[in-house]
Amino acid sequence: MKQLKFFLCPNSPFVWDGNGFSQCFDDLVLGFGINAASIAVICIVGIMRRRARTNWTVKFSEKALLHSIAVIEACLSCVDAILLVKKKLHGDFVLYHELLFRFSHFLVWATIVFSLRCACFQHIFCDMVLCIWWTIKPLFGIPHLQKAFSSMEVLDCLKESSVLFLDIMFCISINCIRIKQASANSSPMEDSLLCAEMDIEEGCHRDSRRMQGCWDHIAFRSIISVMNSGSGKQLGFDDLLLLPTDMDPSTCHEKLLSCWQHQHNNSSSNASLFRAIFSAYGWPYLRLGLLKVFNDFIGFAGPLLLNKLIRFLQQGSGNLDGYVLAISLGLVSVVKSFSDTQYTFHLSKLKLKLRSSIMTVIYHKCLSVSIAERSKFSEGEIQTFMSIDADRTVNLCNSFHDMWSLPIQIGVALYLLYTQVKLAFTAGLAITILLIPVNKWISELIASATEKMMKQKDERIRRTGELLAHIRTLKMYSWEILFSSWLMDTRSLEVKHLATRKYLDAWCVFFWATTPTLFSLCTFGLFTLMGHQLDAAMVFTCLALFNNLISPLNSFPWVINGLIDAFISSRRLSRFLCCSEQKPELEQKAKFQPSFSNEKYDLVSNDMVVVMHDASCAWSSDNEDQNLVLNHVTLSLPKGLLVAVVGEVGSGKSSLLNSILGEMRLVFGSIYSSGSVAYAPQVPWILSGTIRDNILFGKNLDSQRYTDVLEACALDVDISLMAGRDLAYIGEKGTNLSGGQRARLALARAMYQDSDVYLLDDILSAVDAHVAKWILQNAILGPLVEHKTRILCTHNVQAISSADMIVVMERGQVKLVGNSSDLAVSAYSGFASVNEFDASYIHSKLYSTNTSMDKQNPLLEMNTLDVSLEAQDIIEAEQRKEGKVELIVYKKYAGFAGWFISVVILLSAILMQASRNGNDLWLSYWVDTTGISQGKYSTSFYLLVLCIFCIINSSLTLVRAFSFAFGGLKAAVQVHNTLLNKVINAPAQFFDQTPGGRILNRFSSDLYTIDDSLPFILNILLANFVGLLGIAVVLSYVQVFFLLLLFPFWYIYSKLQFFYRSTSRELRRLDSVSRSPIYASFTETLDGSSTIRAFNSEDYFLARFTELVAQYQRTSYSELIASLWLSLRLQLLAASIISFIAVMAIIGSHGSLPISFGTPGLVGLALSYAAPIVSLLGSFLTSFTETEKEMVSMERALQYMDVPQEELRGFQYLNSSWPFQGVVEFQNVTMKYIPSLPAALNDITFTIAGGTQVGIVGRTGAGKSSVLNALFCLTPICGGRILVDGLNIVDIPVRDLRARLAVVPQSPFLFEASLRDNLDPLRMSNDAKIWDVLEKCHVKGEVEVAGGLEAKVKEAGTSFSVGQRQLLCLARALLKFSKVLCLDECTANVDTQTASILQKTISTECQGMTVITIAHRISTVLNMDNVFVLNQGTLVEEGNPNALLQDESSIFSSFAKASTM
């Protein structure tokens, strides 16, 4: 063995020569040994992978690059070997270990060239093992490079540098090709630089609930298959990760709900959501705090190791301590990377659980709270609870740990500063302490501004929801501009408080961003003034500690703001969750009630279905508001009867049903009910979904009963004509159904339930006489419910006469109870004398009518619009963009902010960073010059220059902060104004096809992002960008050699971020798309909560909502894992950069490199600038991707800025008194709702003479409302023309046209404002005129009781009954005094007596006006001058109603006959 050692290493030790590894050890072990191992790895991998070959397809350029590197490397090593052999042949002394090294090096590259040439071996270069080996191999070449530089031979230096460079290039190339191959084969892509545990052919399961190895969890490998899919196609929900079991929204809901209920039961008056959250998730959250402590403290290891390393470099020692320190610096960064990502993962997972818990608990509460109890909150406020307050409460998780963690980080940093500069650190500490009260004061102002802003935001969202819900009616009134101006006033107040908050935030940014520079100036200034001398180790350790201070100091105000926001939101949510719930009990009792005997209660359960004893009810939840709607009602309703509840408009009929349902506040008395309940409300609540979904309502399908119900409710023919039949999709609020179809669908839902009690609220008013007769005979009196109790609020004479029992209501009291034969009841109700029209007269006219008309199908109610729209799903799927967020989106945002302010922001940020870098370079210069010659400049000169840099930096920081605040505010205002303008000018068809929740999502969640989150994250992105730019510039100035080595790392970095961004964009878009159905479902549930409670379907709807939340959670969870996957790899990449810089610094300190690192000051500066690369690289990409994610909100807003616009312009000038006569002519008018589908109005022609009253009748869906749509230009006609007083309406500006016509819409519309504003928002009439019109419309008394013209109308007019709302809408139309008045079913929801009086009022008050009335009641049109009968969009009959009535063959007479039977 000794002889072999002497033979191989004759002139040097085998391992160590005193200064480092010997040349023999370098050549034999690090050279020949590594080369032999490389050949062995290539051969083994080739043999193992030969049978399982992977498809190896690479671009020609990539293949050429690999071949070029291999051939050049083989040629270099071949020349090297030849020169050695030649030298040996000439008799020169050649070392055998050098020969072995050179020949083995040639053999390695010859093997690689051979393998690349052979098709059967090419694929081995995408093997993970080989990629990992080639990643490690270049590290063994560093000692050879060091030896070459120490020899100072230029050729040797160039040769070894070239060899090492080509090794690194080959390593990067095969790793990049492997990544692409993995992606192309849809196999898990893993960064071969970091992970070596899985073979390329192994799968990576998306099911995160399967058992995975520890490394898989730590490295977040579960996301790889999602990212492979995302890089190659548009992601779908099926591609996402499955949720872990503990993140299931149902589990989370039960957990928080039980904690809240326990909290509420213990202290109902002082229940706190915050305490309930702590009970549910507190201990796991506190345990995370331990990981947070470890993570924070390990962050300080970097500056301490940096200090040791710089001191080592200053001393110039030649031992191995420097390498240990350099490698330790890298290892600390690696450990910090893993602990940081694990903390973020577990915290974010907890936040997702909390978010789903809060959202489902809010939804559950909305399902449980009665309408009266919910009246404490506006609908906009409740929607804000879900869209904004839930997220802000969840952010408590971040802020709470940061609240104690940041002071600890600051404290430790200050202590370490003390160890470096002694008491001089107190100068910096004084600045920090002085800023604490300033920061506190600013935070209080921000909290106040935030609270005011949230109130205005609630109001704005409520107004926006109101505008969107009634946009069609507003367009008919030409009020959309008026409403948008009111909305803009609210927005202005919101922006005012938002501006206060933003400018205060700007001060926070200024104070905290300038603190490190001020800290540096004051600390070093005091240190030198105390007589100490600065040195590189101390200065740059302090600078590293200052960098550690930047994050906690800058974050602290945001943390405080986040905590304040979270506590405000949690208080708001607590107040809502404290509302008393409506319990499904048979018995309701008031707090103060009379005694009630057990005998009477027994009577309820045995004979009576409902017993009300002295019950007084109110709609308000306020105990002080004693405005009783039902006043001391005593009523007993027996089982199995049809009970008709009758009375004038506003008498309390609907309130009686709601009191039985428990939706009203029982002020006095008691209400008992028994059995299950089904409910059909006066305004039908239609669920977004299929017809079958609407009828089944969560129940199982019973085919026979389902078919019988469809037939009984006259829906079978309608459904048979729809594309998809009963699986046809119904849009939001039944937008693609006629009014009659909606009413019958609600009735079918009630009948299918097979309940004990049916509460039917005026369901016959929305259908024509034929269908009303059919429904009465086959549904209400039919075999399906004939032995059940049916309580029917109605004005229909046939229904009243068929009732077993009649309850007469008057002013909230039960006036009479009896049956139709009871004289007192008949006289009071007026149905015997005031009929649809005189029965004897009709019978005399129609007695001989062929009875075969009874057998006509009375159910053919198919509107062309409905068939057409069903064929093409009326509700369009929400669109989402593909690929990256386009540059135009950023340009648009910059344009909204203002190009000048954008340039100012960019310049101020760059100059701010430049001043900061100049500050650090000046410190470096100061350290070096004081070390060389004490007397070059005085200390005061150095301090003065440092002070100038500090002032410049502070000034530019202030400019940047306020410019960003101003630009962000301007953009927020411009985006909202433009979006609102575009949306209100969109055609009515856009709102029919787009759910209101989807549009509202733009105005709530997306706009909140543009207002608040987007400017914030853009500011961070800009700061990170200029920070990285500053580091690059400084490092290029200090050390060019470092930058050359940085390029390969930058290449890997860019590849990683590109791969990640393609998926993150898709995930963000999926996130937005999955969020919209949650808000749409929530808004829909708010509207129909009373119906859901009546059917006892809360569990079904909660399950539906939970499914939507689960989908949203899956998107968010996948987003989280993807971002952490990237973050970990970036941090590890940055850690390797730090290690490399540190090792190169040690090598350079030995004088082994041709390019010097420069002075100790510059070396320290380079190392202190390398340390933040770990956080800056990750932070830059995170902020970049977050910006891109937030920009999706801007992208979504821009989508709705491109919606089609109504044709508003017209060239025809109108006289102020136009129309003069009111002549309306339709000439061959054809109208289609969608161009490719059949016409809704088909070549229709008629003329309405000025001053005449015309009725339009027809079966439900015949196209009656389409006539008004065409007249008001809600839908443009595609053929013919419409003339009003001889002017073609196409030539008239649309808003002018609508403003000159008066209309009473089918659905009465009142909004939240004073009654005066509802009747006359433009203030065109005086009080006397308004009161006069109210009296003529028979609603004056109700208005006086409500509080007069200044009385506040509740949201959607719920303070008035539906009938009263219709009367108020009629009063509004009469106040307008137009020559053309259109009435769309305006008497459908009023009693026959009131309807008769109103007809007389219209006849007398509208003398000389053209009145176009769409009616279901024949009595409504009997006294009119003319009547048009429509069928499927065609005019089938017209004439005088009395003449048509006498014609037995007329269609009109068949309507009349049906209405009397």
inquiry  = Please evaluate residues Y285 and H346 with respect to the criterion side chain to side chain contact (heavy atoms under 4.5 Å, CB included), reporting the C-alpha separation (whole Å), side-chain torsions for both, the decisive distance (0.1 Å), and the verdict.
reply    = CA-CA 9 Å; Y285 181 68; H346 289 290; over 6 Å; no
message = Determine whether D920 and V1034 satisfy the following criterion, side chain to side chain contact (heavy atoms under 4.5 Å, CB included), listing intermediate values before the conclusion.
response = CA-CA 10 Å; D920 294 339; V1034 170; over 6 Å; no
task = Assess whether atom CZ of F400 is packed by more than 12 heavy atoms of other residues, nucleotides or ligands within 6.0 Å.
result = no
request  = Evaluate whether atom CZ of F1025 has more than 12 neighbouring non-hydrogen atoms of other residues, nucleotides or ligands under 6.0 angstrom away.
outcome  = no
Mind checking whether [X] and [Y] have side chains closer than 4.5 Å, heavy atoms only?
X: Q913; Y: L1029; result: no
X: K351; Y: N398; result: yes
X: K349; Y: D246; result: yes
X: L1067; Y: L240; result: yes
X: F294; Y: V335; result: yes
X: Y415; Y: F300; result: no

Enter the distance from [X]:[atom1] to [Y]:[atom2] here, rounded to the nearest 0.5 Å.
X: I410; Y: S405; atom1: CD1; atom2: OG; value: 9.5 Å
X: S339; Y: L291; atom1: OG; atom2: CG; value: 6.0 Å
X: I327; Y: L305; atom1: CD1; atom2: CG; value: 12.0 Å
X: E1066; Y: D239; atom1: CD; atom2: CG; value: 10.0 Å
X: T541; Y: L417; atom1: OG1; atom2: CG; value: 9.5 Å
X: I112; Y: I39; atom1: CD1; atom2: CD1; value: 9.0 Å

Can you name the closest pair of heavy atoms from [X] and [Y] and give their distance?
X: V332; Y: A301; answer: CG1-CB, 3.8 Å
X: L545; Y: P303; answer: CD2-CB, 3.9 Å
X: K353; Y: Q1113; answer: N-NE2, 4.1 Å
X: L235; Y: V226; answer: CD2-O, 3.7 Å
X: L1128; Y: A219; answer: CD2-CA, 3.7 Å
X: R1114; Y: L241; answer: NE-O, 3.0 Å

Backbone of S1123 reached by a side-chain donor or acceptor of S1127 within 3.5 Å = no
task = Output, in order, the C-alpha distance, side-chain angles, deciding distance and verdict of side chain to side chain contact (heavy atoms under 4.5 Å, CB included) for I224 and W1125.
result = CA-CA 9 Å; I224 298 167; W1125 178 91; 3.9 Å; yes
key: Verdict with supporting geometry, N917 and V1033, side chain to side chain contact (heavy atoms under 4.5 Å, CB included)   = CA-CA 9 Å; N917 293 139; V1033 170; 6.0 Å; no
inquiry  = Among I1020, L1018, N1019, which residue satisfies the side chain to side chain contact (heavy atoms under 4.5 Å, CB included) criterion with F1016?
reply    = I1020
task = Sort out for me which residue in Y1117, Y1060, F345 forms a ring pair (Phe, Tyr, Trp, His ring centres under 6.0 Å) with F220.
result = F345
